[in-house]
Protein chains: 2
Amino acid sequence: MTRPLTRRPGRPPGGQLDVSRDAVLDAAERVIARDGANASIDAIAAEAGVTKPIVYDRVGSRADVATALAERLSERMAVAARAALDGRGFTRSSLASFIEANLRTVVDHRDLFLYVTGGTTDQTSLGRLVLAEQSTAPLSLALVSWRKRVGLDPSVADSWAYGMVGMLQMASLWVIGSTSADPRVVADQLAELLWFGLVGERRPD
Amino acid sequence: MTRPLTRRPGRPPGGQLDVSRDAVLDAAERVIARDGANASIDAIAAEAGVTKPIVYDRVGSRADVATALAERLSERMAVAARAALDGRGFTRSSLASFIEANLRTVVDHRDLFLYVTGGTTDQTSLGRLVLAEQSTAPLSLALVSWRKRVGLDPSVADSWAYGMVGMLQMASLWVIGSTSADPRVVADQLAELLWFGLVGERRPD
DNA sequence: TCGGGAAGTTACCACGGGTAAGAAAGAGAC
DNA sequence: GTCTCTTTCTTACCCGTGGTAACTTCCCGA
């Protein structure tokens, strides 16, 4: 809303509008961070200083916006996870750090996470699976190569990847909504479960 | 839509309308099963043979409808799980049966699951957490009593319960949307992960 | 100088959740 | 038996949101 209120229709002067796809997505993130997960396309357009059809031209439908933001969020989660691991091997401790990094990233982008995972009913499954598959695909690959290396059946990779991502998403949702759930503790406990299993004996890594 | 098309306003003759809350919810389930997860309140009302305000009187808002249906679905999942376990002890095999029963119940109620988990953005977290907490609460209790019995720290119960439920929900979503994912196989693989952990050695139960 | 395409804006439509206002039926009072 | 008041339901509406059509202006090239 930086523009004058009274405008006449038609193409405005000044050459092509300097609003890129990324600028629209930046605006979307700002609106979501400021006003919460129920952000409308109108609000995003206003924040970007453009009108609604521009958003549709630069990004696409609301589902496309959510998908693009899901890509951003999952990329950020991957970056945080890599930083947390920092070349450490695959141990129980590094697994906990990985989970904690993911949880903290979601906490830091609370409403973005809710926007991305909480699509309209139309494409609900799609909305959640987009964020999921951004994470499951590399995770599945990593699982396959690791299982092959240690001589175990790699066919479990897909199930495990989806399962672990689902576990992370639900834990994120819980941590977001609960005051008593501490990301560090939750991450440690989930790592315990994933590493040793329900009945596995605890042993130092 | 069993009623005549031309009606005049006002209270219709014949005493109080014989439409219970459960009847409305039954209608909602029929509409969802027939037309998919994007079912409107109008459609539900029409299916129940009433008008929209009746739905609001008997059940409540759309979020309330979703919550009520989530209770039904989780109850059905619990029944299926109990039947699958059938008094067996807590073993890897029974865990796989438990998971498979859950997956099959979701597959059998595909659109109901999507309707329940895919609330409007407003109350998204709530929508998913409702179904989740119906399952996490008893699961958490079971985990606490079991961990105490075998002399392990019971404080992990909440994290584990949310994690496992999230794992189940994501796996359900995946199984629903994928043609290649077989509930039996997926359940077995997830049980493997939960029972032995990522690095646990496989051993017969 | 003058089309014609490019680029945006306004205005609109459809639809869904939710509610207010009003109309008929029924129950009770006199 | 009639009159009024309450209950119970319907119609009709409001509002916000996603998505698009129509139209208006600018600019570039002939």
- Test side-chain hydrogen bond (donor to acceptor under 3.5 Å, both in side chains) applied to A:Ser180 and A:Ser178, step by step: CA-CA 5 Å; A:Ser180 64; A:Ser178 156; 3.1 Å; yes
- Compute the centroid of each ring, for A:Trp195 and then for A:Phe90, and state whether the two points are separated by less than 6.0 Å. yes
From [atom1] of [X] over to [atom2] of [N], roughly how many Å is that when rounded to an integer?
X	N	atom1	atom2	answer
B:Asp18	C:dA25	CG	P	19 Å
A:Asn38	D:dG18	CG	C1'	15 Å
A:Asp42	C:dA11	CG	C1'	13 Å
A:Ile44	D:dT17	CD1	P	11 Å
A:Asp57	D:dT20	CG	P	12 Å

The side chain of [X] is closest to which nucleotide in this list: [options]?
X	options	result
A:Arg62	C:dG16, D:dG19, C:dT19	D:dG19
B:Ile54	D:dT17, D:dT10, D:dG19	D:dT10
A:Pro53	D:dG18, C:dG18, C:dT9	C:dT9
A:Ile41	C:dG17, D:dT10, D:dG18	D:dG18

- Query: Does a salt bridge link B:Arg72 with B:Asp26, judged by any charged N lying under 4.0 Å from a carboxylate O?
  - Reply: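 B:Asp26 and B:Arg72: salt-bridged.
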- Message: Closest-nucleotide mapping onto DNA chain C: is A:Lys52 or A:Arg58 further toward the 5' terminus? I mean the 5' end.
- Response: A:Arg58
- Message: Check this for me: B:Arg88, atom CZ, are more than 12 non-hydrogen atoms of other residues, nucleotides or ligands nearer than 6.0 Å?
- Response: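 Atom CZ in B:Arg88 is packed in, count exceeds 12.
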- Any B:Thr51 side-chain nitrogen or oxygen under 4.0 Å from OP1 or OP2 of D:dT10: yes
